[in-house]
Amino acid sequence: MIPPTHLLSSFTNIYHHPPTLIAYAPGRVNLLGGHTDYNDGWVVPVAIDRYAWLAARPSTSDMVTIHALDLDETASFNIHQLDDKLDTQGRPLPKWVHYPAGVAWSLQRNDLKLTGFDAVLTSTVPVGAGLSSSAAVEVAFAVIWESMMGWQVDRMSLARLCQSAENLYVGVNSGLMDQFASLHGVLGNALFFDCRTLAWEAVPLPENIALVIADTNVRRSLGDSAYNERRAACEEAVRILSGHLPNITALRDVEVHDFETHQHLLPPIIQRRAEHVVRECARTLRGVEKLQAGDVSGFGTLMIEGNASLRDLYEVSCPELNALTEIAISLPGCYGSRLTGAGFGGCTVNLVEQAHAESFAQKLSTAYKKQVGKDATVWICQAAEGAGVRGMEGE
Ligand code: GLA
């Protein structure tokens with residue numbers, strides 16, 4: 001893993017010392033299990049070779065100063081004064097700083113000691129594109145503090161601490177999938193993760209298959225009420241259904257046939273949201289069996305079905321995402337295509353026969369431009385390892 005060269009040179013230019021540590025944390029795509037994680041369901045994410053990079057040098061103060069290279073902005077906060085979300089000058093922290101400040105808040109709330117440091121942050125995960133740019137930033141800060149302070153927390157607990165930062169400090173009620181994937185990625189593998197039991201296993205991706213990401217270049221904001229509204233609808237469905245299915249505590253517990261029997265009890269919008277989740281949970285379990293058996297075509301068909309459900313029942317797609325998936329599945333060598341992340345814009349992920357991958361990427365961009373009038377960004381990605389920290393020798 002080679003850090004971007006401008007990360008090191010910028011650090012030295014800004015702080016007049018080289019960094020002592022470099023952390024990297026990958027983004028992810030999600031092949032199956034859309035909006036199932038916060039319903040205690042199953043997901044199949046893949047950590048990708050796009051990273052949040054953080055160079056740091058501990059200081060003796062309580063201040064964390066971060067220069068964000070991609071924004072050309074610097075902000076500082078005091079690790080012991082986080083509740084008001086103000087910087088060291090008493091001004092509101094910029095939104096991007098809520099993620100590292102939230103991690104500081106969450107770690108300390110769990111009795112983990114921190115120190116201040118100087119840092120430079122840059123990321124190759126496009127922001128707000130459904131590739132977990134925010135989880136990657138959270139995880140990079142968590143692992144760099146772990147390394148600086150010498151405490152050790154198992155990776156699943158660290159993922160949950162980062163999720164708490166996002167839920168309780170940033171205010172987005174996201175599930176655990178993104179932080180889990182960023183910390184647990186396995187080279188060349190997808191990850192099959194049970195969001196209730198927290199059990200997981202790596203599932204090898206066939207070697208002749210390429211993962212192609214296509215960015216609509218349309219942006220949404222996760223903080224938008226739409227995501228939290230979806231989660232609230234699922235909770236409401238559980239509340240109503242549990243009057244008739246007493247053993248359920250989450251939509252993951254609802255079998256498809258029980259749902260079909262009781263769905264008339266739900267108001268129409270809640271019914272559609274819950275139907276997506278119940279069927280997507282079943283689809284994810286079926287899909288993993290197919291992937292484990294090397295049936296890429298069967299797995300891809302389930303990705304396409306899952307995408308239709310996200311579009312029609314969960315209503316988190318948009319015309320640009322629909323155009324990208326429709327074009328993709330009409331192209332040679334494409335097994336499956338679906339939106340990834342929360343939706344409302346951002347990226348699709350496509351499973352494509354390796355031999356067709358380059359021409360697939362080209363044809364997809366051309367047809368998208370012609371149909372939508374916008375430029376898509378399309379690239380072939382690799383299934384990557386999870387987050388890590390490297391010491392800079394001699395520092
Ligand atoms: C976002 C959230 C995840 C998950 C996905 C949808 O990426 O952060 O927890 O809910 O949306 O699958």
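In this chain, residues are counted from 1 in sequence order. For ligands, and for the atoms within them, numbers begin at 1 and follow the listed sequence.
Side-chain rings of Phe360 and His356 stay apart, their centers remaining 6.0 Å or farther from each other. Ring centers of Trp200 and Phe180: under 6.0 Å apart, within the cut-off.
The Gly175 neighbourhood of ligand 1 comprises atoms 9 (O), with distances under 4.0 Å to a heavy atom of that residue. Those atoms of ligand 1 that come under 4.0 Å of a heavy atom in Ser174, given as number and element, are 2 (C), 8 (O), 9 (O). Interface atoms of ligand 1 facing Met177, defined by a heavy-atom separation under 4.0 Å, are 4 (C), 5 (C), 12 (O). Counting atoms of ligand 1 from 1 in the listed order, those under 4.0 Å from a heavy atom of Tyr38 are 10 (O). Interface of Asp37 with ligand 1, defined as ligand atoms under 4.0 Å from a residue heavy atom, comprises 3 (C), 4 (C), 9 (O), 10 (O).
Among the atoms of Gly34, none of the N or O lies under 3.5 angstrom from an N or O of ligand 1. Here's the thing with Glu166: none of its N/O atoms is less than 3.5 angstrom from an N/O atom of ligand 1. At least one N or O atom of His35 sits closer than 3.5 Å to an N or O atom of ligand 1. For Ser132, no nitrogen or oxygen atom sits less than 3.5 Å from a nitrogen or oxygen atom of ligand 1, counting backbone and side chain alike.
Between Ser132 and Arg28, the side chains place a donor N or O and an acceptor N or O closer than 3.5 Å (distance only, hydrogens not considered). For the 3.5 Å distance criterion, the side chains of Glu353 and Tyr335 qualify, holding a donor opposite an acceptor. Side chain to side chain, Gln179 and Gln163 fail the donor-acceptor criterion of an N or O pair below 3.5 Å.
Note on ring orientation: taking the six-membered ring where Trp is involved, the planes of Tyr51 and Tyr24 are perpendicular (angle over 60°, cut-offs 30° and 60°). Between Tyr38 and Tyr227, the two ring planes are perpendicular [angle over 60°; tilted spans 30° to 60°].
Put simply, no part of Glu280 is less than 4.0 Å from ligand 1, judged by heavy atoms.
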Could you check Asn217 against Thr377 for side chain to side chain contact (heavy atoms under 4.5 Å, CB included), going step by step and ending with a plain yes or no? CA-CA 7 Å; Asn217 286 314; Thr377 312; 2.9 Å; yes

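Residue-level proximity to ligand 1 for Arg28 is carried by the side chain, the only part with a heavy atom below 4.0 angstrom.
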